[in-house]
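Can you keep this structure in mind? I'll have questions shortly.
We use all heavy atoms of the structure for the numbers below, so side chains are in, but hydrogens, waters and symmetry mates are not. Residue numbering restarts at 1 for every chain, and letters A, B, ... go by the order of the sequence lines.
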Amino acid sequence: MAAETKIDDEIEKLRQEIQELRRNCAAKEKRLSELEAQQQKQNEQANAQQQQTSASSDQMLNNDDIARYSRQLILPNFGVKGQLKLKQTAFLIVGMGGLGCPSSQYLLAAGCGRLGLVDYDEVERSNFHRQTLHTEMSIGMAKVESAKQALQQINPHCQIECHRLLLNSENALEILRQYDVVLDCTDNVATRYLLNDACVMLNKPLISGSALQMDGQLTVYNYGENCPCYRCLYPVPPPPDTVTNCGDGGVLGAITGVIGSLQALEAIKVALGGLGGEVLAGRLLIFDGGRCQFRNIRLRSKRADCDVCSPKPMITQLIDYEQFCGMHASDKDMALNILPLENRLTVEEYKNEVLQRKHILMDVRQPAEFEICRLPNSENVPLKTILNDSYLQRFEEELKDEERGIILLCRRGNDSQLAAQHILQRFPQRAVFDIKGGLHAWHFKIDNSFPIY
Amino acid sequence: MSCGDTEKKKINIRILFFAKSRELAGLDEASFGLESSSITSLDLLGKISAAYNLEAIKTTIILAINQSYCNISEEEQLHLKEGDEIAIIPPLSGG
């Protein structure tokens with residue numbers, strides 16, 4: 001026992017030390033990139049002075065450019081003119097996640113002049129399967145810094161600017177103003193309305209991509225006379241309880257990869273005036289990854305009474321988008337609090353007081369999640385089967401015993417409350433509890449070897 | 001055949017569900033019978049929402065008929081044909 005404690009202590013100590021080192025490392029990386037940026041600026045200034053007699057660096061291609069971009073330079077509709085235009089264009093990517101990683105990668109590799117990255121978040125392990133610029137070494141680092149490091153390895157000749165912040169009504173216009181083309185690679189509804197309105201106000205084209213589970217969508221807003229905006233298509237935001245995020249619904253990395261790559265393609269076409277084809281404006285591309293089918297939906301023209309893009313708009317300055325949508329501007333879950341306190345158990349109370357007594361522990365997650373990890377004495381009763389009362393038949397015998405408590409459990413303690421509330425409506429006299437914080441709390445407070453996802 | 005006869009003819013349309021609507025309906029696609037080929041887009045959306053558990057999202061759906069956006073309004077009179085494809089497209093916000 002004593003030996004075990006000693007090992008536990010040492011493990012804990014090592015974990016803390018490693019975390020400290022990572023923090024340290026991240027701070028140094030940041031300082032390094034600051035200094036490198038400074039150095040680059042100085043070099044550029046020196047170069048600019050040298051080149052003043054000839055043309056400046058974005059007016060002509062040097063030998064490195066010609067070698068690096070040769071495979072796209074020989075494209076009939078691209079050419080030297082296209083390459084120079086790309087070099088003179090500044091792109092802003094909002095959200096350095098599953099969409100932002102591939103789109104930034106292709107834009108930068110293609111030789112865009114200036115690339116701005118916006119994200120407030122830090123890298124964590126659950127990002128890696130789809131956010132392919134971040135690596136094991138960058139856990140805990142700001143996503144924008146981690147992405148910048150990876151991108152500089154791909155193409156050191158482009159200027160990358162990091163905006164480590166949550167885009168909001170206060171800062172959006174000032175940031176967007178500095179760029180020519182904006183890519184919406186965000187993960188939430190509030191920021192999508194914010195970007196739409198800001199791009200309408202500044203008259204910037206907006207390349208909007210989204211992905212969830214096996215589905216993707218893509219369109220270009222604010223490009224051309226008749227092109228509708230996001231509000232023309234969706235004048236009212238969806239009810240918050242109908243919006244699923246990647247954390248809850250899941251998403252395959254290859255799906256965000258497809259949509260993110262297409263965003264880069266459309267951004268390049270927008271910058272180059274169509275590239276001899278047709279920009280995806282006024283059309284919505286729907287990607288059904290399950291069947292690997294693409295559909296192109298011909299969209300409406302501008303809504304004559306659109307709140308933001310009509311000739312007489314109601315919205316002339318940015319509003320509070322979290323309030324407008326009733327949702328936070330992130331894909332992090334909000335903690336629900338709908339169950340009375342007396343029906344809520346902490347993980348400690350469950351372990352120490354309830355576990356020995358007669359009860360049924362119902363884990364209300366989806367079967368696919370239950371398969372990942374579960375408490376040994378739990379039964380998988382998906383929330384849907386509680387809300388549609390099919391659990392009544394399944395637990396007919398157990399439910400006859402009124403002494404037996406009913407305990408509800410889920411990943412983070414939201415769905416378990418919905419389930420408990422529904423069961424309490426039918427059995428107001430019974431002992432029905434949910435476990436606060438769910439399996440996440442179990443990991444943090446009871447057993448840190450229990451996996452979290 | 002007079003125009004009126006055509007309008008009252010029963011037809012079957014094909015409904016495709018995307019994203020959240022697929023989850024709510026529990027289906028990828030369905031064949032849906034209509035009493036008349038003439039119907040307003042608002043009515044059509046109402047019928048589909050009621051039949052496939054889409055009430056919660058019906059205010060934010062794009063309805064596309066044969067891959068073309070359809071304005072939702074009681075004034076939007078549709079004349080559908082047997083086999084027309086109606087796509088139900090809710091917004092997607094993840095990334």
Quiz item: Picking from B:Ile89, B:Thr59, B:Ile61, which has the most non-hydrogen pairs under 4.5 angstrom with chain A?
Solution: B:Ile89
Practice problem: Give a yes or no on this: more than 12 heavy atoms of other residues, nucleotides or ligands lie within 6.0 Å of atom CD of A:Gln293. | Solution: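 Yes.
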Quiz prompt | Considering all heavy atoms, the nearest A:Ser208-A:Gln263 contact | solution = C-NE2, 3.8 Å
Quiz item: Given that the side chain runs from C-beta out, which part of A:Asn188 has a heavy atom under 4.5 Å from chain B: side chain, backbone, both or neither?
Solution: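 Interface part for A:Asn188: backbone (N, CA, C, O).
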Self-check item: Contact origin within B:Asn71 toward chain A - heavy atom pairs under 4.5 Å
Solution: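 Only the side chain of B:Asn71 comes within 4.5 Å of chain A.
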Practice problem: Could you look at A:Ile259 and say if it's the side chain, the backbone, both or neither that has a heavy atom under 4.5 Å from chain B? | Solution: neither
Quiz item: What part of A:Leu299 is in contact with chain B, defined as an atom under 4.5 angstrom from a non-hydrogen atom: side chain, backbone, both or neither?
Solution: both
Quiz item: If you count heavy-atom pairs under 4.5 Å with chain A, which of B:Asn66, B:Asp28, B:Leu24 comes out on top?
Solution: B:Asp28
Exercise. Name the member of A:Arg283, A:Arg192, A:Arg300, A:Met214 that forms the most heavy-atom pairs with chain B at distances under 4.5 Å.
Key: A:Arg300
Quiz prompt | Separation of B:Glu23 CD from A:Gln213 CD (nearest 0.5 Å) | solution =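 So the CD of A:Gln213 and the CD of B:Glu23 are separated by 6.0 Å.
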Self-check item: Interchain contact, A:Pro238 with chain B, by part (heavy-atom threshold 4.5 Å)
Solution: both
Quiz item: For chain B, which of A:Ile255, A:Asn296, A:Thr191 has the most heavy-atom pairs under 4.5 Å?
Solution: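 Of the options given, most contacts go to A:Asn296.
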Practice problem: Starting from the C-alpha separation in whole Å, work towards a yes-or-no answer on salt bridge (Lys or Arg N to Asp or Glu O under 4.0 Å) for B:Glu29 and A:Arg291. | Solution: CA-CA 12 Å; B:Glu29 57 174 283; A:Arg291 297 180 171 196; 3.1 Å; yes
Quiz item: Can you tell which of A:Leu107, A:Leu92, A:Leu206, A:Leu99 makes a side-chain contact (heavy atoms from CB on, under 4.5 Å) with A:Leu183?
Solution: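 Considering A:Leu107, A:Leu92, A:Leu206, A:Leu99, a side-chain contact (heavy atoms from CB on, under 4.5 Å) with A:Leu183 is found only for A:Leu107.
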Quiz item: Would you call A:Arg295-B:Glu85 a salt bridge at under 4.0 Å N-O?
Solution: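 Counted as a salt bridge, because a side-chain N and a carboxylate O are separated by less than 4.0 Å.
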Quiz item: Given a strict heavy-atom distance threshold of 4.5 Å, which part of A:Val251 is in contact with chain B: side chain, backbone, both, or neither?
Solution: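 Contact with chain B is absent: no heavy atom of A:Val251 under 4.5 Å.
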Exercise. Let me know if A:Pro237 has heavy atoms under 4.5 Å from chain B in its side chain, its backbone, both or neither.
Key: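 The backbone, not the side chain.
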Exercise. Take the angle between the ring planes of A:Phe324 and A:Tyr193 and call it parallel below 30°, perpendicular above 60°, tilted in between.
Key: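 Because their plane-to-plane angle is over 60°, the rings of A:Phe324 and A:Tyr193 count as perpendicular.
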Quiz prompt | Atom group of A:Thr186 that falls short of 4.5 Å from chain B, counting heavy atoms | solution = backbone
Quiz prompt | Least distance between heavy atoms, B:Ser31 atom then B:Tyr52 atom | solution =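 The answer is O-OH, 3.9 Å.
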Practice problem: For chain B, find which of A:Ala211, A:Cys185, A:Gly249 contributes the most heavy-atom pairs closer than 4.5 angstrom. | Solution: A:Ala211
Practice problem: Assess the side chains of A:Asp184 and A:Tyr221: does a donor N or O sit below 3.5 Å from an acceptor N or O? | Solution: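 Side-chain D/A pair, A:Asp184 to A:Tyr221: absent.
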